[in-house]
Amino acid sequence: MRLSQMLFVTLRDDPADAEIPSHKLLLRAGYIRRIGSGLYAYLPLMWRVLQKVSQIVREEMNATGAQECLLPQLQPADLWKESGRWDTYTKAEGIMFSLIDRREQQLGLGPTHEEVITAIARDMIRSYRQLPLHLYQIQTKFRDEIRPRFGLMRGREFIMKDGYSFHTDEASLKETYQDMYKAYSNILRRSGLAFRAVEADSGAIGGSGSTEFMILAEAGEDEVLYTEDGKYAANVEKAVSLPIDAETSRFTTYEKRDTPGTETIEKVCQLLNCSPTQLVKNVLYQTVYDNGATVLVLVSIRGDQEVNEVKLQNELTKLASEYGAKTIISLNVPNVEAQQAWTAKSLPLGYIAPDIADEYITANKQIHAKFLRLVDQTAVDLKNFVTGANEAGYHVVGANWGEQFKLPERVVDIRKSRPGDRAIHNPEQTLQSARGIEAGHIFQLGTKYSQAMGATYTNEQGEEKPLFMGCFGVGVSRLAQAAVEQSYDKDGIIWPVAIAPYHAIVTIPNIKDAQQVEIAQKLYTELNQAGIETLLDDRDERAGVKFKDADLIGIPYRIVTGRAIANGKVEVVERATRKSQEIVIDEVITTLKQWITAAIERKN
């Protein structure tokens, strides 16, 4: 392609609404164009990148025996109501675009396709002889993000590969899960990316186990905790660890202390000269379930620890049936306005004790009459601890479970792991932290959807059994931007060779020099004929502008038909290293072929 004929416009300054380097660079380099909030056009250069990523994905998926298909973007609400996720996606998370058609039927734009594929399996799979079966698609998906940001990282429309497998039992599911673990590792490796596979929370997708594939980058939204021995890695939402040991309390007798102005852990510890590891803090949450039931949750946790709200939500979801519900619509620390809906009297915020009375709650049909009391494992073994006194301006010291306070019946692990914690598999290992961008996620769904939607098969004994399912997703457009986030410099993008829009760009410094033009056009034609995807910068621009644009768009190799042609050579510059060398014109094709092959093979 000749740049003079391409839709090619670059920007010298960073767009005002771009927040992270990859977003800025993709806009500046003319790869994407913002159309609306969270909505982007993929321009010709970007589309070539996406096609290359998609091809790598297809090759790896097809190698496992998975079959490609294409599912509808518009999905009937009835399917989602069968699975129980309609309210979760339209009310709780609120990420599904929903609409009503002219026949008054509810529909949703698919953020994911578990329901659709399960309905297909229910209709078409009859016998164990048809299993295992694995279908996948590369499709545009939709999420009604509250705050779209970071370009393609968190947009409202994005390209994704999602696959779904069906099995007779858990053992077969785990085999495919391992196949996908290997395939996803291959996809990222072949794309030239540094990544880490980590244990993850399954979220709204559900299932028993899941693994995220994180592209390592400083701008990553996710925090990954890992050990240097390589035996443990997890998203911080899922991570487990051993906290530091609690210090021995200096208090030996129980008493109430005057502690004015100590609503925070730091202030009370400073006043009482104690460690936060000797304190039990009590955090109040308000949970609303999908049937409208509101439950007030009191979490008791060691003072130096934070509540992991993902883990807390998972624990509360397990209890949904006790309140006649299926899932959680919202979970938050209630502000003063929210409290007014249920408080019988003003709460002693900052001074709450584990035994705060249920009489603070004004119960009705929607609001449960009692606090749901949970205690984190970090607080269970504390002796002579400090905690609130249920009275503003006062704490108690020297308190003990089973004496002054009843230990809550529900003991849970809902603390947030953090760097420096000891690893469970080896306490000599401490957790390290890295930032990552989630590019892929694989799930063992089990029978969650098949049981809810009646998708069964007949086994060898003639018995009807629910299908076991797996779910496997790769963010194609996200992966492409993540590659930029991982590899750029002050001058622009540095694409990995395997997914670069073109392998090489031939630059003519002086378009009025006939010899430069002739050699450039000859190289351009022969390189493309040899399978080396090549751009020709034949624009009537200054050489400096062309060189800057070539750096900005990140093409791996730049060939310059400049002064060296007098010696029968051209200058070849490697974008990643900036190494420059003069190569005999007749040897350019052979040399580039070797370099490109070597660059790609290093990642395979």
Side-chain angles (χ1 to χ4, degrees), residues 3 6-53 143 145-159 188 191-195 214-223 434-439 475-502 505 535 537 539 541 544-556 558 573-578:
L3 276 187
M6 179 182 270
L7 178 60
F8 182 72
V9 178
T10 59
L11 307 174
R12 292 302 163 211
D13 299 316
D14 291 334
D17 62 340
E19 301 169 83
I20 59 175
S22 58
H23 187 195
K24 295 173 184 177
L25 289 171
L26 288 174
L27 285 167
R28 281 187 53 208
Y31 279 83
I32 60 176
R33 190 80 174 181
R34 185 179 182 273
I35 302 302
S37 177
L39 302 173
Y40 290 86
Y42 309 121
L43 299 177
L45 285 174
M46 192 66 191
W47 188 241
R48 288 182 67 91
V49 174
L50 295 173
Q51 286 178 312
K52 290 192 174 184
V53 173
R143 291 172 65 99
E145 295 284 356
I146 295 175
R147 184 176 168 237
R149 54 183 176 163
F150 305 152
L152 308 183
M153 294 290 195
R154 190 164 291 280
R156 296 200 293 168
E157 180 180 296
F158 54 96
I159 299 173
L188 295 176
S191 298
L193 301 170
F195 69 95
M214 294 286 192
I215 296 172
L216 302 179
E218 285 301 314
E221 286 190 277
D222 293 286
E223 182 180 7
R435 304 302 301 181
I437 299 166
E438 181 192 345
V476 172
S477 49
R478 177 181 283 196
L479 187 155
Q481 182 171 329
V484 178
E485 195 62 44
Q486 190 176 90
S487 186
Y488 66 91
D489 62 17
K490 63 182 178 61
D491 295 316
I493 298 167
I494 304 173
W495 284 111
V497 173
I499 61 173
Y502 290 89
I505 180 168
L535 278 171
D537 192 347
R539 296 174 298 163
E541 292 279 4
V545 171
K546 294 182 177 183
F547 295 156
K548 280 184 175 295
D549 280 345
D551 281 345
L552 179 60
I553 65 177
I555 306 302
R558 183 174 81 232
V573 182
E574 185 180 29
R575 177 67 181 90
T577 64
R578 295 194 173 278

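No hydrogens, no waters, no symmetry mates; every other heavy atom, side chains included, goes into these values.
- Remark: side-chain polar atoms of Lys52 are paired, donor with acceptor, to backbone N or O of Ala500 under 3.5 angstrom.
- To the nearest 0.5 angstrom, Leu479 atom CG is 6.0 Å from Ile499 atom CD1.
- To the nearest 0.5 Å, atom CD1 of residue Ile555 and atom CD1 of residue Ile494 are 12.5 Å apart.
- When all heavy atoms are compared, the tightest approach of Gly38 to Pro148 is CA-CB, 3.6 Å.
- Residues Ser477 and Leu50 come closest through the heavy atom pair CA-CD2, 3.6 Å.
- Of all non-hydrogen atoms in Phe158 and Tyr42, the two that sit nearest each other are CA-OH, 3.9 Å.
- We find that Arg558 and Asp551 are joined by a salt bridge, their nearest charged nitrogen and carboxylate oxygen being less than 4.0 Å apart.
- Other residues, nucleotides and ligands contribute over 12 non-hydrogen atoms within 6.0 Å of the CD atom of Glu221.
- In terms of the side-chain hydrogen bond (donor to acceptor under 3.5 Å, both in side chains) criterion, residue partners of Ser22 (sequence neighbours excluded) are, by chain and number, Gln481, Glu485.
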Q) When you look at Lys548 and Asp491, which way does the salt bridge (Lys or Arg N to Asp or Glu O under 4.0 Å) test go after all the steps? A) CA-CA 7 Å; Lys548 280 184 175 295; Asp491 295 316; 5.4 Å; no
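- When all heavy atoms of Ala29 and Ile553 are compared, the closest pair comes out as O-CG2, 3.7 Å.
- Ion pair Arg435/Asp222 not flagged as a salt bridge, since none of the NZ, NE, NH1 or NH2 atoms sits closer than 4.0 Å to an Asp/Glu carboxylate oxygen.
- In this structure, CE in Met46 is found 15.5 Å from CZ in Arg33, a value given to the nearest 0.5 Å.
- Atom CD1 of residue Ile437 and atom CZ of residue Phe150 lie 9.5 Å apart, to the nearest 0.5 angstrom.
- Put simply, the side chain of Arg156 gets close to the backbone of Ser37: a donor and an acceptor are under 3.5 Å apart.
- To the nearest 0.5 Å, atom CZ of residue Phe8 and atom CG of residue Leu45 are 6.5 Å apart.
- Shown here for Tyr488 and Pro21, the closest heavy-atom pair between the two residues is OH-CG, 3.3 Å.
- Shortest non-hydrogen contact noted between Gln486 and Leu193 is OE1-CA, 3.4 Å.
- With respect to the salt-bridge test (charged N to carboxylate O, under 4.0 angstrom), the residues Glu145 and Arg154 qualify.
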Q: Would you check, one step at a time, whether the test salt bridge (Lys or Arg N to Asp or Glu O under 4.0 Å) holds for Glu19 with Arg147?
A: CA-CA 13 Å; Glu19 301 169 83; Arg147 184 176 168 237; 3.3 Å; yes
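- Salt bridge Arg12/Asp549: present, at least one basic N to carboxylate O contact under 4.0 Å.
- Put simply, the side chain of Lys546 gets close to the backbone of Arg539: a donor and an acceptor are under 3.5 Å apart.
- For the pair Arg578/Asp489, a side-chain contact is recorded, criterion being any heavy-atom separation below 4.5 Å from C-beta on.
- Looking at Arg28, its side chain does come within 3.5 Å of a backbone N or O of Leu11 through a donor-acceptor pair.
- Open room surrounds CD1 on Ile146; 12 or fewer heavy atoms of other groups in view lie less than 6.0 Å from it.
- The only member of Thr10, Val49, Val484, Leu152 that meets side chain to side chain contact (heavy atoms under 4.5 Å, CB included) when paired with Tyr31 is Val49.
- Expressed to the nearest 0.5 Å, how far CD1 of Ile493 lies from NZ of Lys24 amounts to 13.5 Å.
- For the pair Arg48 (side chain) and Pro501 (backbone), a donor-acceptor distance under 3.5 Å is present.
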